[in-house]
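Working notes, beginning with the structure itself.
Chain letters run A, B, ... following the sequence lines, proteins first and then strands; every chain starts at 1. None of the values given here were measured: they were computed from a predicted structure. Side chains are part of it too, since the values below use all heavy atoms of this structure and drop only hydrogens, waters and symmetry mates.
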Amino acid sequence: MKELKMTLVFGIIAIFAEVLVRSLVTYKVYFDWEKLPGFYALFGFVGYVILSKFSKFLGKLLMRSPDYYERRYKR
Amino acid sequence: MMWIHPGILAIIGAVLIPFVPFRILRKALFLSIPLIAFTILVLTSKGYFGELPITTWKLRFSDYELILGRIDSFSIVFAYVFAIIAICANIYSVHIKNDLEHVAAMIYFGSTICAVFAGDLLTLYIFWEMMAISAVFLIWFRGTKAARGAGFRYLIWHIISGSFLLSGIVVHVQRTGSTIFTNFMDLLSFSFEGIPYVLILLSFMINAAVVPLHSWLTDSYPEASITGVIYMNAFTTKTAVYTLARAFPGLEILAWLGAVMAVYGVIFAAIVNDGRRLLSYHIVSQVGYMVCGVGLGTQIAINGAIAHAFNNIIFKSLLFMGMGAVIESTGRSKFTELGGLYKYIPLVFYLYTVGALSIYGFPLFSGFVSKTMIVAASAELHLLVIYLLLKGATIGTLHTVGLKLPWSVWFSRNKPEDLTVKKVPKNMIVAMFLASFLCIFFGTYPGYKILYEILPYQVKFEPYEPSKIIVTVQLFIFATLAFLILRKGYKNVDAIVLDTDWPGRILGIKFIIFCETKLINFARYLKASFSSFAKNVKVLFTNPETTFKQSSESSDPGMGIGILIALLFMLIYLTYLIFI
């Protein structure tokens with residue numbers, strides 16, 4: 001739990017840093033939604049969840065026992 | 001002064017290694033080969049052999065001219081990094097007692113340098129094949145049964161790649177009369193006229209492990225020898241990136257394939273159970289960024305692709321070195337059989353982490369200064385989907401290389417009871433220190449300025465902008481947060497993952513089984529029926545009487561065959577008379 005709290009604290013600091021930096025210097029953005037502060041925090045979190053769930057699902061489809069090819073041959 | 005070809009020099013040096021007396025001298029020669037090559041390259045770019053670009057080492061080969069030395073801003077960057085990583089990899093593998101492994105590695109190194117400096121297509125083809133053949137030995141030197149099989153499959157893929165290249169070259173040379181290896185974008189078309197260039201493109205794509213032609217890489221690299229894979233991960237795919245950048249810059253389909261590769265690699269890396277297989281899928285992912293950069297084709301994108309190839313070679317080698325050190329000390333590479341190694345080899349973990357942060361592209365590490373370049377190039381062209389795929393792949397990189405692998409190997413649980421941890425050889429640690437130093441050096445000032453300086457195009461690009469730093473850091477922290485929350489449900493499964501080579505391998509296995517059962521049975525049947533037929537004929541022509549009696553009385557077989565042959569000739573003669 002300690003790591004989790006620490007990471008959360010760092011995350012909040014990073015978002016505040018973004019807000020601060022945006023007000024101080026010209027902030028280069030390419031797309032409209034990048035104007036939203038903390039967008040990439042959300043992107044990272046959601047992206048991670050989607051990616052790990054999707055790979056788990058894909059794993060169920062594609063995983064085979066380690067001797068899959070050898071067993072095919074022996075049969 | 002005449003330029004000395006570092007590639008040819010390396011090949012000559014490699015061949016000499018086994019003939020040098022005393023182990024210590026052999027080691028010295030082995031270590032000095034890439035150092036000398038590096039020195040030559042430095043002298044070359046300092047203008048010691050004349051202003052760049054230089055075209056030299058021209059040989060006549062029947063009607064064609066072979067150009068072994070074409071040194072320009074493109075080729076020298078790749079040659080530099082190949083030499084740098086060969087220095088690290090040689091230190092990493094110097095404890096290996098088998099001299100032939102060193103010979104294979106140095107021939108591989110030399111032929112890679114030669115392929116990069118090749119100014120014409122025939123030279124490129126020769127060294128393209130030489131790379132494949134010398135690399136196979138690095139796989140086979142692992143000595144396991146799996147390595148043998150994987151080596152053969154590697155060879156099959158690269159023979160296909162080589163023959164595509166050769167057939168493309170032959171038609172191109174026939175048509176144009178020129179053997180110069182240059183930009184083929186004007187000639188490439190997806191029509192009958194463009195077939196040779198499509199073949200050349202396919203050959204480069206196989207070697208660059210472009211999805212779906214990547215399976216040779218993820219199949220063979222995890223089975224290669226611990227030290228051999230350091231060379232392999234650096235040379236083959238990045239040489240292909242170089243050839244793609246030279247011949248097909250700005251080919252749109254490459255941008256899409258590259259972005260798909262970047263995500264494909266990380267998704268598969270998330271499911272596999274073998275440390276080096278995970279890293280191999282990351283080669284696919286990282287080369288995806290480079291292929292995407294080549295496909296985008298703008299100056300900044302090409303620069304980014306080359307810079308990323310440069311940095312990637314170093315940090316990916318560092319990661320492979322880290323995993324190699326784990327295998328060296330425990331003899332295992334499966335996540336389900338590892339765990340809790342932090343107490344035993346913490347140093348390897350820290351050095352590995354430098355590589356992991358670099359591959360993620362954390363600020364101050366080398367991946368940051370090159371990956372942002374490609375991503376920025378896609379954003380500047382407003383290619384939203386490609387941009388999101390590349391950004392998403394970053395999260396996957398963090399998930400697999402940054403969290404899954406270290407978690408499974410060094411933490412996650414206590415060390416398994418039956419696992420013995422040996423000491424990691426010192427030279428391996430030294431090599432890893434050197435590589436981690438380079439990762440940080442090229443990620444910070446003045447390293448990244450030096451790197452940008454040697455890139456082919458003079459483009460102003462500043463990676464250390466507040467927006468880029470903040471985006472990367474936020475992504476990093478919040479993806480880690482998601483990992484920490486989901487960590488409980490995370491479990492490695494002892495399994496292999498099917499990939500695009502599945503149909504081919506199953507067909508191959510089916511074919512072998514078919515040969516061993518049905519075909520053999522058919523052959524037996526054929527043999528039996530033919531011999532019984534022959535027996536009957538024999539009996540018929542020796543003694544007609546016995547034929548009907550079905551006796552096996554022996555008689556002179558020669559005579560029967562003689563009569564048969566005479567009859568046959570008569571038959572042929574008769575047919576001749578009647579019809580002609």
Distance-minimising heavy-atom pair for [X] and [Y]:
X        : Y        : answer
A/Val49  : B/Ala482 : CG2-CB, 4.3 Å
A/Leu62  : B/Phe268 : CD1-CZ, 3.6 Å
A/Val21  : B/Pro466 : CG1-CB, 3.5 Å
B/Ile496 : A/Tyr68  : CD1-CB, 3.8 Å
A/Phe43  : B/Ile395 : O-CD1, 3.6 Å
B/Val497 : A/Met63  : CG2-CG, 4.3 Å

Counting only non-hydrogen atoms closer than 4.5 Å, does [X] touch chain A with its backbone (N, CA, C, O), its side chain (CB onward), both, or neither?
X        : result
B/Phe476 : neither
B/Leu486 : side chain
B/Lys391 : both
B/Ile512 : side chain
B/Ile469 : neither
B/Ala376 : both

Would you call the rings of A/Phe31 and B/Tyr387 parallel, tilted or perpendicular, taking 30° and 60° as the class edges? tilted
Nearest-0.5 Å distance that lies between atom CZ in A/Phe45 and atom CD1 in B/Ile477: 13.5 Å
Nearest-0.5 Å distance, CG of residue A/Leu58 to CD1 of residue B/Ile271: 4.5 Å
At a heavy-atom distance under 4.5 Å, which candidate from A/Ala14, A/Gly44, A/Gly38 has the highest pair count against chain B? A/Gly44
Residue selection (most heavy-atom pairs with chain B, distance under 4.5 Å) from A/Ser55, A/Ala41, A/Gly47: A/Ala41
At a heavy-atom distance under 4.5 Å, which candidate from B/Asp494, B/Thr394, B/Thr400, B/Thr480 has the highest pair count against chain A? B/Asp494
When only pairs under 4.5 Å are counted, which of B/Val266, B/Asn273, B/Val471 shares the most heavy-atom pairs with chain A? B/Val471
With a 4.5 angstrom heavy-atom cut-off, is it the side chain or the backbone of A/Ile15 that approaches chain B, or both, or neither? both
When the 4.5 angstrom heavy-atom criterion is applied to A/Leu4 and chain B, the contacting part is both
Does atom [atom1] of [X] have more than 12 heavy-atom neighbours from other groups under 6.0 Å away?
X        : atom1 : answer
B/Trp502 : CH2   : no
A/Phe57  : CZ    : no
A/Phe10  : CZ    : no

Do the non-hydrogen side-chain atoms of [X] and [Y] ever get within less than 4.5 Å of each other?
X        : Y        : answer
B/Phe478 : A/Leu42  : no
A/Phe54  : B/Val263 : no
A/Tyr48  : B/Leu398 : no
A/Tyr40  : B/Val473 : no

